[in-house]
Amino acid sequence: MSKIKMLNPIVEMDGDEMTRIMWKMVKEKLIAPYVDLKVEYYDLGIKHRDDTDDQVTIDAAHATMKHRVAVKCATITPEAERVKEYGLKQQWKSPNGTIRAMLDGTVFRGPIMVKNIKPAVRSWKKPIVIGRHAYGDVYRDAEMAVPGPGTVELIYTPADGDQVKRMVVHQFKEPGVIMGMHNLNSSITSFARACFTCALERKIDMIFSCKDTISKIYHGRFRLVFRDVFEREYKEAFEKAGITYTFTLIDDAVARIMKSEGGMLWACRNYDGDVMSDMVASAFGSLALMTSDLISPHGYFEYEAAHGTVQRHYYQHLKGEKTSTNSTALIYAWTGGLSKRGQLDGTKALDEFATKLEAATVETIESGKMTKDLVALAEPKPERPLYTEEFIDAVASTLEKKL
Ligand code: NAP
Ligand code: MG
């Protein structure tokens, strides 16, 4: 069989530790034999980021703007311990943070569902994808302890010298605490566009929720921006795709989603998304069955696994011990990228290959061949967990039968 041709390259961002090892196996065993891979490779491994003073991360983001599709392995975000471990020049920033800011993107987390692992919420039959706004609110606030009686005010001083606006927040009669937070129309607009784009991509209904009955101006702004962007830019496309957009209060959204069968995109404000994405992820089973797609309103797409570099397993591996680390989400990072490349270029064969590789991965797990992390969750239990490479080989042999 001749290999599938790619018209344009995808940007490949390599990473760290156990995921770097699996990344290479996935590429060599599951993709390269079938696809005539065109990639622009960037080594985001911690050593190379340090050697290049993190320029490689910036270059990789620029390359993503050029080629529009990227796949990324998990990377270390260094703290003090990592600086010592790898002899780094400094605590480099999170590559994901840098890339997200440059692409103006939103991260969407979605579960990969298999029949032999049931979600903790019994009614959930389809994936629930969460989009979390990643700018502002409580994550960039100003906070103050109020030591005793006194007045706290909001003061806005216009840059053009217009009249100052002020407003009393509270007249304290005793000690307390105070917080100021902000958001930007531009950021909310980008977030809304990324969410609508993602819902269209996946052809699923979308819900946006906040609490604008209580916070009429702040939360109200989010609701209005979403409404305006939808009406102006996405309404027709949603109708054509047969999907809906619903705004609802956050408490109502929680109640609805718990009773639903899933299959929607839930757009969350920063804090809601932080909390809800962890709840939804753990209800679906395992981090290793969770993908993370970065979608930019400017038409850039980056795919990765939601989990980190699986450091503990890597140390086992370095000691020469066998590991049982799950490569499913990494495989899906690759299929996400290949499928998007295929769609953008009109290379149907590439898109179809990605779909078959996803199906092969799911079928392999459903046939009882899985890594240790899933064994505890699966029903029925398999006889024994597969080692890291054994699982990838098992997927390869399922895939062979499909091609
Ligand atoms: P982690 O890599 O997600 O792993 C935490 C634990 O979850 C593992 O020890 C393992 O549990 C389990 N696990 C995660 N992925 C698994 C997989 N594919 N197969 C089997 N088990 C899996 O988080 P971490 O250990 O806290 O972080 C390690 C490094 O990753 C850090 O340096 C952090 O900066 C980085 N990180 C990167 C990203 C990213 O690039 N997107 C995201 C998060 C963290 P057991 O040990 O119980 O088996
Ligand atoms: Mg969280």
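Whatever order the structure lists ligands and atoms in, that order sets their numbers, starting from 1. Quantities reported herein were computed from a predicted structural model and do not represent experimental measurements. Note: hydrogens, waters and symmetry copies are ignored here, and every other heavy atom, side chains too, is used.
Compare T75, N96, T388, D373 by their heavy atoms: the one nearest to atom 37 (C) of ligand 1 is in T75. For atom 2 (O) of ligand 1, the candidate residues are N326, L44, V310; the nearest heavy-atom contact is made by V310.
Looking from atom 44 (C) of ligand 1 to the surrounding protein, the closest heavy atom is G308 CA, 3.4 Å. Of the protein's non-hydrogen atoms, R312 CB, 4.1 Å is the one closest to atom 9 (O) of ligand 1. Taking atom 30 (O) of ligand 1 as the reference point, the nearest protein heavy-atom neighbour is T309 N, 3.0 Å. The protein atom (non-hydrogen) at minimum distance from atom 7 (O) of ligand 1 is L287 CD1, 5.0 Å.
Inter-residue side-chain proximity for K3 and Y34 is flagged as unmet; no heavy-atom pair is nearer than 4.5 Å. Between Y156 and M167 there is no side-chain heavy-atom pair separated by less than 4.5 Å.
Taking every heavy atom of T77 and a limit of under 4.0 angstrom, the matching atoms of ligand 1 come to 32 (O), 34 (O). Those atoms of ligand 1 with a heavy atom of A74 less than 4.0 angstrom away are 40 (O).
Between E12 and the options W23, Y42, Y41, a side chain to side chain donor-acceptor pair (under 3.5 Å) holds for only W23.
Judged by distance alone, the side chains of Y139 and H133 never bring a donor and an acceptor atom under 3.5 Å apart. With 3.5 Å as the limit, one finds a donor-acceptor pair spanning the side chains of D205 and T244. Under the 3.5 Å distance criterion, with hydrogens and angles disregarded, a donor-acceptor pair is assigned to the side chains of T335 and E358. Between the side chains of T323 and T388, at least one donor N or O lies within less than 3.5 Å of an accepting N or O.
Figure legend: R140 and Y135 shown without cation-pi pairing, the cationic atom not lying both under 6.0 angstrom from the six-membered ring centre and within 45 degrees of its axis. With a 6.0 Å cutoff to the six-membered ring centre and a 45° limit on the axis angle, K235 does not count as a cation-pi contact of F230.
Look at K72 and you'll find a heavy atom under 4.0 Å from some atom of ligand 1. Residue-ligand proximity: R82 is placed with a non-hydrogen atom under 4.0 Å from ligand 1.
If you look at H307 next to ligand 1, the close heavy atoms, those under 4.0 Å, come from the backbone and the side chain alike. With a heavy-atom cut-off of 4.0 Å, H313 touches ligand 1 through its side chain alone. With a heavy-atom cut-off of 4.0 Å, E304 touches ligand 1 through its side chain alone.
For atom 12 (C) of ligand 1, no protein heavy-atom neighbour is present inside the 4.0 Å cut-off. Of the protein's heavy atoms, at least one falls inside 4.0 Å of atom 40 (O) of ligand 1. Under the 4.0 angstrom criterion, atom 24 (P) of ligand 1 counts as lacking any protein heavy-atom contact. For atom 15 (N) of ligand 1, the nearest protein heavy atom lies closer than 4.0 Å.
Aromatic rings from Y245 and F196 are positioned such that their centres are separated by under 6.0 Å.
One N or O on the side chain of S94 and one on the backbone of N96 form a donor-acceptor pair closer than 3.5 Å.
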